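Numbering of residues begins at 1 and proceeds along the displayed sequence. Fair warning: this is a prediction, and the values are worked out from it, not measured in the lab. We use all heavy atoms of the structure for the numbers below, so side chains are in, but hydrogens, waters and symmetry mates are not. Just so you know, ligand 1 is whichever comes first in the structure, and atom 1 is the first atom listed for that ligand.
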Amino acid sequence: MIRNAQIHFNDAGTPVADNFDDVYFSNDDGLAESHYVFYSQNHITERLHHHDRTRFVIAETGFGTGLNFLNAWAQFKQKAQDAKVKQLHFVSFEKFPIHLNDLIKSLQAWPTLKAFADKLCAVYPIALQGCHRLEFDHGAVTLDLWFGDIHDNLPQLSYGAEGFVDAWFLDGFAPSKNPDMWQQSLFDAMAALSRDHATFATFTAAGFVRRGLQQAGFDCKKVKGFGRKREMVVGRLEKANQQHNTPLFYQTAPRKLENVAVIGGGIASSCLLYHLAKRGISATLYCQDNELAKGASHNRQGALYPNLQADFTPPSEFYAHSFLYAKRLYDTVLKAGFNFAHNWCGVLLQGVNEAKQSQHQKLIEKSQWPEALIHFVTPLQASKIANVTLPYSGLFIPEGGWLNPAEATNAIYQHAKTLTDIKSHFDTDIEHIEKRENGWYLQSSGQEFGPYSDVFVCAGEHSDRFEQTRDIPLHGVRGQVSHIKAGPESSKLATVLCHKGYFTPAYENLHCMGATFDKNTKSREVTDQDNQLNRTQLMGFYQDTEFAQSLGDVTSAKAAVRCCFNDHLPMLGQVQQQDDFTSAFANLRVGKQYGFANPNLPHEGLHIITGFGARGLCSAPLATEHLVSAILAEPRPLSERVHQAIHPARFMVRELIRNKI
Ligand code: FAD
Ligand code: SAM
């Protein structure tokens with residue numbers, strides 16, 4: 001687990017890091033220094049007007065108080081109204097994130113940045129290792145905050161041959177005070193991530209820093225430093241160094257997403273449309289039902305919480321960051337005025353049996369997760385949080401809660417529609433997809449649509465329906481949630497309970513109780529038997545509690561089929577053709593990671609987004625954002641190891657390595 005910074009404020013009111021004994025910014029006008037050293041010396045304003053892309057990417061070592069970021073954002077907002085660049089993307093690393101109250105106090109020094117600082121402080125994340133993607137101004141400004149040592153995080157940023165960074169703010173405490181950061185491996189990684197003509201600027205004129213950057217490939221020169229400082233160093237990389245850090249079989253080919261079709265209508269499709277819309281990309285939706293959210297995303301109340309293991313494994317990292325991002329996305333949509341029923345009332349994972357209790361114990365002992373994300377509670381504390389008497393200890397996730405998935409799906413979709421042009425065809429069951437010379441075509445009972453440059457299949461349990469997707473090893477798991485009448489005691493319940501299933505606080509006098517898991521049927525008929533199962537399961541754990549005894553009858557229920565993969569992770573990426581893939585990467589069968597052929601890509605432009613299982617409300621928002629970022633060769637919000645864990649080729653790669661296909 002990472003640690004927060006311990007800081008104090010010196011006589012000049014400047015924040016100072018205790019463990020580095022160094023200031024976060026100059027005592028003499030830190031904002032002017034930030035502007036001169038990092039922003040001006042990288043010539044950002046001029047470049048925003050003449051850049052070759054609509055997204056400009058700045059990367060910074062050492063986020064600290066965020067002053068460099070806030071200044072860049074303010075400049076972008078004020079000076080780049082008519083610029084070619086429409087999106088500013090700022091990637092920053094921070095080993096010791098400062099506490100929110102210290103951040104607020106530090107930023108009070110800059111009244112001209114107040115509006116920006118307030119927005120940052122409102123979403124400043126908890127001290128969790130990995131990438132926190134924060135979005136501002138409808139996605140015009142993105143901040144990727146990578147918490148943890150930069151040397152641990154750099155290998156987790158995926159980059160292709162072209163790189164993605166346009167300008168580096170090489171900040172950090174003075175090399176003499178922080179020698180661990182200023183290493184050749186940092187300078188080499190900077191070059192690896194850089195695009196053609198990327199620049200850097202740094203306050204230090206230390207000779208070994210300049211030589212290290214030269215060795216990495218940057219042309220360097222000394223220029224006048226800020227204020228009383230004699231010198232600082234700036235530089236430029238002529239050519240991206242054509243490396244990549246993703247194995248060939250897990251790469252995502254960059255595409256422009258010029259003309260997009262989406263097959264779906266659930267939470268995954270809405271999130272995808274929203275992420276495209278933020279980037280000004282319009283799309284056409286095809287949904288087999290007469291309205292959105294009639295598939296798995298149709299429930300009255302779904303629980304929102306991450307699935308965490310004791311260790312910081314790729315799945316846990318995925319769910320933890322997905323959860324935090326999902327919360328931000330839902331809040332953004334709500335703030336924009338698109339409402340859906342929800343309550344961020346926390347989620348209480350109950351230790352209802354010995355197996356659960358020992359799982360909880362292990363998670364606490366390993367202490368990988370910040371308290372603010374998840375912490376242990378005794379039965380008494382659990383009862384206080386829940387506002388009803390509970391017999392079990394548990395783990396509490398204070399930021400969790402519940403939302404109405406169908407309404408949320410609609411709200412995100414409506415918000416996306418305000419950002420770009422989205423056309424929708426309901427009652428349109430896509431039966432076939434076909435690639436022709438000029439693009440992809442979709443066919444539905446005698447009608448044909450297209451051509452499209454790109455098609456995204458977000459069809460939940462039906463995602464393997466097409467000839468091109470039929471080898472995808474998904475399976476359906478039916479689930480039924482029962483709606484049970486609240487009683488006088490149960491209506492006091494103030495948090496979501498998770499035992500083996502989940503039980504929500506009452507909404508319009510009904511609790512949601514569920515859910516069943518049944519692999520042997522794809523039927524969506526509601527059954528009395530499953531209502532009974534849900535009730536028996538709840539009463540099995542809570543029969544002696546007043547809240548459970550006060551419950552009324554089951555009045556209705558909803559059933560649907562979850563789309564799942566064996567490793568409990570979703571699948572996002574370009575659809576792979578199995579024969580082409582296995583022949584290109586045949587060397588994996590004999591344990592070699594080289595000598596691959598370039599694979600044929602017959603399904604180029606066809607992407608799959610599915611397999612959200614029982615967790616789509618938590619995982620769909622970030623996973624879809626990640627895929628869009630990867631396709632557009634932007635910085636990605638998920639680490640390289642998570643990217644590989646959700647890649648469509650993962651099952652084929654595993655089977656090839658085991659020599660099974
Ligand atoms: P879906 O919502 O199933 O959407 C698929 C869409 O594709 C549908 O709109 C359908 O009309 C459309 N479609 C399919 N085929 C075609 C075609 N050929 N042409 C045109 N359109 C097509 N998640 C949580 O996070 N928390 C929970 O508490 C929770 N509880 C759950 C309880 C139950 C009983 C179930 C079933 C699921 C639960 N989930 C929960 C899981 C969550 O609901 C799903 O992961 C999520 O809804 C999946 O969204 P999706 O968009 O991928 O799929
Ligand atoms: N740019 C910052 C601002 O605008 O406030 C000031 C940065 S401060 C001078 C340097 C920052 O680098 C500190 O917040 C420190 O914790 C961070 N840092 C130091 N070593 C690091 C490392 N190895 N990885 C990531 N961050 C590091």
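- Those atoms of ligand 1 that come under 4.0 Å of a heavy atom in Gly479, given as number and element, are 34 (C).
- Assignment of Pro405 to the shell around ligand 1 is not supported, since no heavy atom sits closer than 4.0 Å.
- Heavy atoms of His151 found under 4.0 angstrom from ligand 2: none, in either backbone or side chain.
- Atoms of ligand 1 found under 4.0 Å from any heavy atom of Cys287, numbered from 1 in the order shown, are 9 (O), 11 (O), 20 (C), 21 (N).
- Ligand-side atoms of ligand 2 in range of Lys95: 21 (C), 22 (C), 23 (N), 24 (N), 25 (C), 26 (N), 27 (C), range being under 4.0 angstrom from any heavy atom.
- Below 4.0 Å from some heavy atom of Gly66 lie the following atoms of ligand 2, by number and element: 3 (C), 4 (O), 5 (O).
- With a 4.0 Å heavy-atom cut-off, ligand 2 is reached by no atom of Asp22.
- Applying the 4.0 Å criterion to heavy atoms of Asp171 picks out, from ligand 2, the atoms 1 (N), 2 (C), 6 (C), 7 (C), 9 (C).
- Taking every non-hydrogen atom of Met181 and a distance limit under 4.0 Å, the qualifying atoms of ligand 2 come out as 20 (N), 21 (C), 22 (C), 23 (N).
- Every heavy atom of Leu304 sits 4.0 Å or more from the atoms of ligand 1.
- By the 4.0 Å heavy-atom criterion, Val481 is counted among the residues contacting ligand 1.
- Closest heavy-atom approach to atom 44 (C) of ligand 1 among the candidates Gly613, Ser297, Gly266, Ala614: Gly613.
- Residue contact check for ligand 1: Cys618 places a non-hydrogen atom closer than 4.0 Å to it.
- Looking at Asp180 and Lys95, no side-chain N of the basic residue comes within less than 4.0 Å of a carboxylate O on the acidic one, giving no salt bridge.
- Within ligand 2, the atoms closer than 4.0 Å to a non-hydrogen atom of Phe63 are 1 (N), 2 (C), 3 (C), 4 (O), 5 (O), numbered from 1 in the order shown.
- Considering Gly302, Ala303, Ser270 only, the shortest heavy-atom separation from atom 26 (N) of ligand 1 involves Ala303.
- Other residues, nucleotides and ligands contribute only 12 or fewer heavy atoms inside 6.0 Å of the NZ atom of Lys423.
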